[in-house]
Amino acid sequence: MPELPEVESIRRGLAEHLMGRRILTAQAFGTRVIRRAPRGLAPVVGRTVRAVVRRGKFLWCDMGEDLALLAHLGMSGQFRIDEPSGSEGAGGEERAGGSDNFGGKRRHLRARFALDNGRVLDFVDQRTFGYLAPVAFQATADGQPGGAGSKRAVVPAPVAHIARDLLDPYLDETALLEILGTTRRAMKRVLLDQNIVSGIGNIYADEMLYRARIHPEATALTNRAARELLHAGREVLQAALAAGGTSFDRLYVHVNGESGYFERSLQAYGRAGQPCERCGTPLQKIILGGRSTTLCPVCQVAPIG
DNA sequence: ACTTCGTCCTGCAAGC
DNA sequence: TGCTTGCAGGACGAAG
């Protein structure tokens, strides 16, 4: 489940390989990957990648002339850049679980782009929650003129409602703290709401709340707790980002969906039943908003103002 | 207007 | 052993 750190790592890898590259051909396999692309992938053919940009878990190639190739990885989407089939070097495959056919049409291949440097960009996705769509740009609602030090942004239209993330220097932190302090929704729901703060998924939401010692069902936080949550959140994201930057191979834009993740440093997610690293209490698993949630029933409390 | 819920999809794990 | 069932997840549209 790629969240902000993973998507940012992928963005960097893509930028390295795609900047200035022209797309010669674009092919979608099946219709699901282009379900949000009325005209399919055709609009990007012949266009050149000017930049690779991210907002929350969305990323896109800026193709200039009011065109973006928008991508969401869903749960299992991967980008891969390969040499032309048949010319791959021997012994280059060392990845655990690397059972894909190399050179031919690999399993779960959803789209393929031919680049002007002879390489191929593949979009691979097992669970098909990801998608690609050539779209136009639109100004965001955030950064109201005169707003607190925020800057207007222009993003692909389908992303205009997505908030900035915790690592975004233009995040309106005052407004976010206000929401955290007054909301009547469970705090984990708020963290997962991409319209409030973006980039956080089920894994890092649990981590942030655990580290900030805040119960996932806590509502309106005290100012102190809200600040603590943002602080813990930034630490979690930055640590994961630092770890993710090291897992790149030359031609592989993405870490392997399973093994490449930053699970080593996770203290809450997926550890239900195991002892809390702080107090030894077995971590508890609950369902919140239809999503599995892991927490320490002793350490994590609902701050009452 | 606001919040919650159901849906999409596939592979793996657990249960009978 | 082989089958069925359940679970996982992000984001969106529908329903409350």
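Below, all heavy atoms of this structure are taken into account, side chains as well, without hydrogens, waters or symmetry copies. Keep in mind the model is a prediction, meaning the values are calculated, not measured. Numbers restart at 1 for each chain; the letters A, B, ... are given by sequence-line order, proteins then strands.
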(request) Could you tell me which residues satisfy side-chain hydrogen bond (donor to acceptor under 3.5 Å, both in side chains) with T219(A), sequence neighbours excluded, listed by chain and number? (result) none

(request) Identify, with sequence neighbours excluded, every residue that meets side-chain hydrogen bond (donor to acceptor under 3.5 Å, both in side chains) alongside R213(A). (result) none

(message) Testing Q78(A), R80(A), R112(A) one by one against D122(A) for a side-chain hydrogen bond (donor to acceptor under 3.5 Å, both in side chains), which residue passes?
(response) R112(A)

Expressed in angstrom and rounded to an integer, what is the separation of [X] atom [atom1] from [N] atom [atom2]?
{"X": "D125(A)", "N": "dT10(B)", "atom1": "CG", "atom2": "P", "value": "10 Å"}
{"X": "R127(A)", "N": "dG11(B)", "atom1": "CZ", "atom2": "P", "value": "9 Å"}
{"X": "R184(A)", "N": "dA1(B)", "atom1": "CZ", "atom2": "C1'", "value": "13 Å"}

(request) Look up atom CG in L176(A) and atom CG in L230(A), then write down how far apart they are to the nearest 0.5 Å. (result) 5.0 Å

(request) Find which nucleotide of DNA chain C each of H161(A) and I287(A) is nearest to by heavy atoms, and output the residue with the more 5' nucleotide. (result) I287(A)

(request) Please list residues of residues 185-195 of chain A whose heavy atoms come under 4.0 Å from any atom in DNA chain B, ordered by number; otherwise none. (result) R185(A), R189(A)

(message) Quick check on contacts: within residues 35-42 of chain A, what sits under 4.0 Å from DNA chain B by heavy-atom distance?
(response) none

(request) Toss me the dot-bracket line for DNA chain B: Watson-Crick and G-U wobble, both under 3.5 Å, 5' to 3', using | for pairs to another strand and [ ] for crossers. (result) ..||||||||||||||

(message) Looking only at the side chains, is there a donor atom on one of Y204(A) and E6(A) sitting less than 3.5 Å from an acceptor on the other?
(response) yes

(message) Reading DNA chain C from 5' to 3', where do the contacts with chain A start and stop? Cut-off is 4.0 Å to heavy atoms.
(response) dA8(C) to dC12(C)

(message) Evaluate D165(A) against S198(A) for side chain to side chain donor-acceptor pair (under 3.5 Å), listing each step before the verdict.
(response) CA-CA 5 Å; D165(A) 64 65; S198(A) 69; 4.6 Å; no

